[in-house]
Amino acid sequence: MPLDKNVLERTFPEFELRVERGKIREYALVLGLTDPVHTDVEAARAAGFDDLLAPPTFVRQFWHENPGNDPMPHLGYDPKRRLHGEQEFEYHKPLVAGMNLKGRNIIISTREKEGRRGGMMTFVVIETKFVDEAGELVQVARRTLIETAAPPKEA
């Protein structure tokens, strides 16, 4: 299924994310992080943070909570042909427990490329900017999604 070009003109609603201690601890545990700045408030404060420090990719877990604010389900991509191509994060200030963030997803680029196995591949880059209560940029996340020209062959 080709890219639904209408999604390129769509504005996706802003969403809110409260950075909670429990979620930071759970995420650090899942990742196997042992640095106490992620699990012990006193250790985090001793390291110069206001509260528990969120692991670097913490905001990634919140992109799919509401399909209305995420472009991915609206691309028109066939799930059998969709690939996660790339992931990138920019960090502008520490993300700590107690912060209230606002995020917004936008499609920043699209392109097509001839595939090695024949047919056209479609690339879409989605950018999510997260700002704090003062409107200051905290983090920018980008992901590249690819739709291949043909679904994988059954084994």
Side-chain angles (χ1 to χ4, degrees), residues 1-79 81-113 121-148:
M1 180 179 328
L3 174 67
D4 178 358
K5 301 283 187 184
N6 292 323
V7 76
L8 302 178
E9 306 299 322
R10 186 171 174 176
T11 300
F12 292 89
E14 189 174 71
F15 59 95
E16 294 184 8
L17 164 63
R18 174 138 177 90
V19 182
E20 300 172 357
R21 285 180 180 167
K23 290 292 185 187
I24 290 174
R25 286 183 179 115
E26 289 172 4
Y27 199 67
L29 179 67
V30 167
L31 295 176
L33 301 178
T34 58
D35 189 334
V37 297
H38 305 298
T39 57
D40 182 298
V41 175
E42 289 180 24
R45 289 185 176 144
F49 302 105
D50 291 339
D51 211 307
L52 293 184
L53 178 66
T57 58
F58 182 78
V59 297
R60 174 64 182 93
Q61 65 184 315
F62 298 97
W63 286 345
H64 305 294
E65 282 191 345
N66 180 349
N69 65 34
D70 184 4
M72 188 176 71
H74 305 282
L75 294 174
Y77 278 7
D78 178 347
R81 297 171 35 205
R82 184 177 61 215
L83 301 172
H84 182 99
E86 215 172 54
Q87 191 75 52
E88 164 183 358
F89 294 88
E90 287 177 22
Y91 305 99
H92 295 269
K93 59 193 289 192
L95 183 61
V96 296
M99 292 177 86
N100 291 303
L101 301 180
K102 290 188 178 184
R104 184 178 299 275
N105 290 301
I106 61 168
I107 297 173
I108 60 169
S109 69
T110 63
R111 68 181 173 100
E112 291 184 330
K113 177 182 173 184
M121 297 185 306
T122 306
F123 294 73
V124 170
V125 179
I126 300 171
E127 180 178 84
T128 311
K129 289 186 178 181
F130 294 92
V131 297
D132 63 14
E133 298 95 329
E136 292 182 23
L137 188 61
V138 175
Q139 201 172 104
V140 179
R142 290 181 199 89
R143 57 191 155 137
T144 302
L145 301 173
I146 305 166
E147 183 179 55
T148 61

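- The main-chain N or O of Gly98 is found under 3.5 Å from a side-chain atom of Arg18 such that the two form a donor-acceptor pair.
- Qualifying ring-ring contact (aromatic ring centres under 6.0 Å, His included) partners for Phe123, counting only residues two or more places apart in sequence or in other chains: none.
- Within the 3.5 Å criterion, the main-chain N or O of Pro56 finds a donor-acceptor partner in the side chain of Tyr91.
- Ion pairing between a basic and an acidic side chain is recognised when a charged N comes within 4.0 Å of a carboxylate O; Lys102 and Glu133 show no such pairing.
- In summary, Arg143 and Glu86 do not engage in a salt bridge, as defined by a charged side-chain N under 4.0 Å from a carboxylate O.
- The backbone N or O of Thr122 sits less than 3.5 Å from a side-chain atom of Tyr77, completing a donor-acceptor pair.
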Please table the atom pairs, donor to acceptor, closer than 3.5 Å between any side-chain atom in residues 31-39 and protein atoms at least two apart or in another chain.
| residue | atom | partner | partner atom | Å |
| --- | --- | --- | --- | --- |
| Asp35 | OD1 | Val37 | N | 3.1 |
| His38 | ND1 | Leu53 | O | 2.6 |

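- Heavy atoms of other residues, nucleotides or ligands lying less than 6.0 angstrom from NZ of Lys93 number more than 12.
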* **Derivation and outcome, side-chain hydrogen bond (donor to acceptor under 3.5 Å, both in side chains), residues Tyr27 and Thr57** => CA-CA 9 Å; Tyr27 199 67; Thr57 58; 3.0 Å; yes

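- Here the CE atom belonging to Met99 is positioned 5.0 Å from the CG atom belonging to Asp132, to the nearest 0.5 angstrom.
- The existence of a salt bridge linking Asp50 and Arg45 is excluded, since no basic side-chain nitrogen approaches an acidic carboxylate oxygen closer than 4.0 Å.
- At a threshold of 4.0 Å, the pair Glu147-Arg82 does not count as salt-bridged, since none of the basic side-chain nitrogens sits closer than that to a carboxylate oxygen.
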